[in-house]
**Student:** 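Here's a structure for you.
First the proteins, then the strands, lettered A, B, ... as listed; each starts at 1. Note that this is a predicted model, so its numbers are computed, not measured.
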2 protein chains.
Amino acid sequence: MKICTNEERQSYLDAYPIAHLFAFPIEEFIEVHEYKRDEWMIREGMRPDYLFYVIEGKAKIYVTHQNGKVSLINFINAYDYIGEMELLNEVYYTKGIRTSTKTVCYAFPFHLCREKMLEDVNFLRELTKFLSAKATKMAAKYSQSLAFPLENRLADFILQTADEEVYKEKHVTVCDFLGVSYRHLLHVLGQFCEKGYLKKDGRRYCIQQYDSLKELAGKLRNQ
Amino acid sequence: MKICTNEERQSYLDAYPIAHLFAFPIEEFIEVHEYKRDEWMIREGMRPDYLFYVIEGKAKIYVTHQNGKVSLINFINAYDYIGEMELLNEVYYTKGIRTSTKTVCYAFPFHLCREKMLEDVNFLRELTKFLSAKATKMAAKYSQSLAFPLENRLADFILQTADEEVYKEKHVTVCDFLGVSYRHLLHVLGQFCEKGYLKKDGRRYCIQQYDSLKELAGKLRNQ
DNA sequence: TCAAAAATAGGAGATATCTCATATTAAAGT
DNA sequence: ACTTTAATATGAGATATCTCCTATTTTTGA
């Protein structure tokens, strides 16, 4: 991790203005942190000292269970917050955050900003929207995971992450995210190929029948 | 549903003061709604016109999937909000809310209160805490549901809902909540009895080995 | 550049969980 | 009080998913 200073810091601040989200002058408190790919921004169980606002890059939220299973709880993208739970709650089990690409964040030190932020109507309104989206998404994922087999959830995931016709997520990541074993994921991908929905091309999968996948994924939604 | 007026309304307002949560005079806008047991407060898919704040009673949040399965997403208790998603988001699939006991709510009409609430730093701070707790809980349930078999989640649920040594939740409710079939729930309850963790007593179950259940439930937690 | 680690791949058998069918009992409505 | 509906109970067979094992390929790091 690298903390940007001077011109570098300023150029991020210019490229991603954020003052409008706050009623008080926030810029002076902002640190700009640059994380490399595959770096732990926050270690599981260790409370962070900052509220982060992602301006570039991608990361993942992980939690490790006592039985050794790892859940990838969600993906984090630009304009997401990290550490807002710790900002709001004294007691909270901190999840691990790991970058999956180079990631740049604004980091607001709690000890300087917490009070002000919790008095700031602009920021709080922004945060409620972020949190309501998060809660909604989690509730949807939760109920879907219990109500549908992998087939449907995987079809949805493929459509959401495919780049044009090409699906190429790492299996290991997808297992953690969808909460199934590697073996079973491969099994269902194999079925999709057999049925002609996908075609395997080396390590990639090419979507052959959009509509079939859409139908499977569509069953998840009323929402 | 009944809307309380005059003395009745006032006596609720006196018994459950709420002005301190708002920076503006809220009382004049409050309607007091009384719902009977097993009444639908909000029908799935129908946007409500109010933000509700529960002051007495219990309710459940339901969503129906396209495959006919019903998920009981969460329980609602006194001091919870209902309709906060619709307050914040223009686009949102409204879940069904059904009371399980007589329930009394403060109802704030959106058309009169939305603007003011979204400008109110006290209320927003309160709401962020509520939402962060909700998001956290959902994330925990989600990852647990994928990482652990029913055995562990049921043990946890029994300990959370048992009244002294007596567990007596309706099976049908529990199925919807834990996302398993009736048949399987009974199967695992049967195992608990065989192992001596529970003893069946008519329609109730009596906890015989707290520690065994605690051990099973404890595996869910690092959190 | 080479060894170690991570990711992919698939077989085989176990188990968690589901579906369907059928009875019985309790609760609710008129 | 009686009919209808909801809840409980259980068997049997199907399927979704897991665990463990082993082999190959790719990526990573010193």
Side-chain angles (χ1 to χ4, degrees), chain A residues 36-39 60 62 65 67-72 98-101 144-155 157 167-195 198-205 216 219-220, chain B residues 36-39 60 62 65 67-72 98-101 144-155 157 167-195 198-205 216 219-220:
Chain A
K36 282 182 283 194
R37 178 164 175 261
D38 288 333
E39 199 172 348
K60 296 172 190 160
Y62 282 104
H65 299 278
N67 63 3
K69 286 197 186 178
V70 172
S71 292
L72 168 48
R98 190 183 168 94
T99 59
S100 39
T101 66
Q144 288 166 3
S145 73
L146 295 174
F148 295 93
L150 180 61
E151 182 175 57
N152 299 95
R153 296 180 290 132
L154 180 60
F157 183 78
Y167 168 78
K168 53 175 175 181
E169 296 298 315
K170 278 191 188 164
H171 297 333
V172 274
T173 303
V174 180
C175 292
D176 290 343
F177 186 63
L178 298 180
V180 295
S181 67
Y182 190 94
R183 192 64 195 81
H184 189 54
L185 174 64
L186 245 60
H187 179 236
V188 176
L189 279 172
Q191 287 185 331
F192 282 3
C193 291
E194 265 184 35
K195 292 180 186 164
L198 298 177
K199 198 174 72 181
K200 198 173 171 189
D201 172 24
R203 307 226 139 180
R204 304 167 160 208
Y205 292 81
L216 283 177
K219 294 189 180 160
L220 299 184
Chain B
K36 282 181 282 195
R37 178 163 176 261
D38 288 335
E39 198 172 349
K60 297 172 190 162
Y62 282 104
H65 299 280
N67 63 3
K69 287 197 187 178
V70 172
S71 293
L72 168 49
R98 188 184 169 92
T99 59
S100 38
T101 66
Q144 288 166 2
S145 73
L146 295 174
F148 294 93
L150 180 61
E151 182 175 57
N152 300 96
R153 295 181 291 130
L154 180 59
F157 183 78
Y167 168 77
K168 53 175 175 184
E169 296 299 315
K170 279 191 187 164
H171 298 333
V172 274
T173 303
V174 181
C175 291
D176 291 343
F177 186 62
L178 298 181
V180 295
S181 67
Y182 190 92
R183 192 64 193 82
H184 189 53
L185 174 63
L186 247 59
H187 179 234
V188 176
L189 279 173
Q191 287 186 333
F192 283 2
C193 291
E194 265 184 36
K195 293 181 187 165
L198 298 178
K199 197 175 72 184
K200 199 173 169 186
D201 171 23
R203 306 226 139 181
R204 304 168 160 209
Y205 292 81
L216 283 176
K219 293 190 180 157
L220 299 183

**Student:** Whether B:Lys200 contacts D:dA9 is assessed here as follows: a side-chain N or O lying under 4.0 Å from the phosphate OP1 or OP2. Is that the case?
**Tutor:**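 Looking at the OP1 and OP2 atoms of D:dA9, one of them is under 4.0 Å from a side-chain N or O of B:Lys200.
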**Student:** Could you state the NE2-C1' distance from B:His184 to D:dG13, rounded to the nearest angstrom?
**Tutor:**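 In whole Å, D:dG13 C1' lies 16 Å from B:His184 NE2.
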**Student:** Let me confirm one number: the NE2-CG distance from A:His184 to A:Leu154, rounded to the nearest 0.5 Å.
**Tutor:**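 One gets 9.0 Å once the value is rounded to the nearest 0.5 Å.
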**Student:** For A:Phe192, which residues count as a ring-ring contact (aromatic ring centres under 6.0 Å, His included) partner, sequence neighbours excluded?
**Tutor:**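 Applying ring-ring contact (aromatic ring centres under 6.0 Å, His included) to A:Phe192 gives A:Tyr197.
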**Student:** Taking only residues two or more places apart in sequence or in another chain, which ones pass salt bridge (charged side-chain N to carboxylate O under 4.0 Å, His left out) with B:Lys195?
**Tutor:**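 Partners of B:Lys195 by the salt bridge (charged side-chain N to carboxylate O under 4.0 Å, His left out) criterion, ordered by chain and then number, come out as B:Glu151.
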**Student:** Can you tell me how far the NZ atom of A:Lys168 sits from the CG atom of A:Asp201, to the nearest 0.5 Å?
**Tutor:**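 Reported value, rounded in 0.5 Å steps: 11.5 Å.
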**Student:** Could you work out how much the helix from C:dT1-D:dA30 to C:dT30-D:dA1 bends, comparing the axis of its first five pairs with that of its last five, to 10°?
**Tutor:**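 Comparing the axis at each end, I get an angle of 70°.
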**Student:** What is the distance, to the nearest angstrom, from the CG atom on A:Leu186 to the P atom on D:dT24?
**Tutor:**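 Going from CG in A:Leu186 over to P in D:dT24 covers 17 Å.
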**Student:** Under the rule for side-chain contact (heavy atoms from CB on, under 4.5 Å), what residues qualify as partners of A:Asn67, not counting sequence neighbours?
**Tutor:**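 Per chain and number, A:Asn67 pairs via side-chain contact (heavy atoms from CB on, under 4.5 Å) with A:His65, A:Lys69, B:Phe148.
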**Student:** Please state how far atom CZ in A:Phe192 lies from atom P in D:dA16, giving the value in whole angstrom units.
**Tutor:**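 Those two atoms, CZ and P, are 12 Å apart.
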**Student:** List the residues meeting side-chain contact (heavy atoms from CB on, under 4.5 Å) with B:Val70, not counting sequence neighbours, and say none if there are none.
**Tutor:**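 For B:Val70 the side-chain contact (heavy atoms from CB on, under 4.5 Å) partners, ignoring immediate neighbours, are B:Tyr62, B:Thr64, B:Asp176.
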**Student:** What is the separation between atom NZ on A:Lys168 and atom P on C:dA7, rounded to the nearest whole Å?
**Tutor:**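 Whole-Å distance recorded here is 17 Å.
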**Student:** I'd like a table of atom pairs between the protein and nucleotides 25-30 of chain D - only N or O on both sides, under 3.5 Å - with the distance next to each one.
**Tutor:**
none

**Student:** So which of residues 171-183 of chain B are in contact with DNA chain C, with a heavy-atom cut-off of under 4.0 Å?
**Tutor:**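 Going residue by residue through residues 171-183 of chain B, the ones with a heavy atom under 4.0 Å of DNA chain C turn out to be B:Gly179, B:Val180, B:Ser181, B:Arg183.
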**Student:** When the distance from CG of B:Leu189 to P of D:dA7 is rounded to whole Å, what number comes out?
**Tutor:**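 The answer, rounded to whole Å, is 16 Å.
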**Student:** Would you kindly give the CZ-to-C1' distance between B:Arg204 and C:dA26, to the nearest whole Å?
**Tutor:**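 That distance rounds to 14 Å.
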**Student:** Not counting sequence neighbours, which residues clear side-chain contact (heavy atoms from CB on, under 4.5 Å) with A:Gln191? List them please.
**Tutor:**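 In terms of side-chain contact (heavy atoms from CB on, under 4.5 Å), with neighbours along the sequence ignored, A:Gln191 is linked to A:His187, A:Val188.
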**Student:** Do A:Lys36 and A:Thr99 come within less than 4.5 Å of each other through their side chains, counting heavy atoms only?
**Tutor:**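 No. Closest side-chain heavy atoms not under 4.5 Å.
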**Student:** Between the side chain of B:Asn152 and the main-chain N/O of B:Leu216, is any donor-acceptor distance below 3.5 Å?
**Tutor:**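 Confirmed, B:Asn152 side chain pairs with B:Leu216 backbone.
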**Student:** Between A:Glu169 (CD) and C:dT8 (P), how many Å, whole number?
**Tutor:**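 After rounding, the gap between these two atoms is 11 Å.
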**Student:** State which residues pass side-chain contact (heavy atoms from CB on, under 4.5 Å) with B:Arg37; sequence neighbours excluded, sorted by chain then number.
**Tutor:**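 Expected list: none.
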**Student:** Calculate the interatomic distance between A:Gln191 atom CD and D:dA16 atom C1'; express it in whole Å.
**Tutor:**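 After rounding, the gap between these two atoms is 10 Å.
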**Student:** How would you list, by chain and number, every residue that makes a ring-ring contact (aromatic ring centres under 6.0 Å, His included) with B:Phe177, sequence neighbours excluded?
**Tutor:**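 By the ring-ring contact (aromatic ring centres under 6.0 Å, His included) rule, B:Phe177 matches B:Phe75, B:Phe157.
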**Student:** Return the nearest nucleotide to the side chain of B:Arg153; candidates are C:dG10, D:dT17, C:dT17.
**Tutor:**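 Of the candidates, C:dT17 comes closest.
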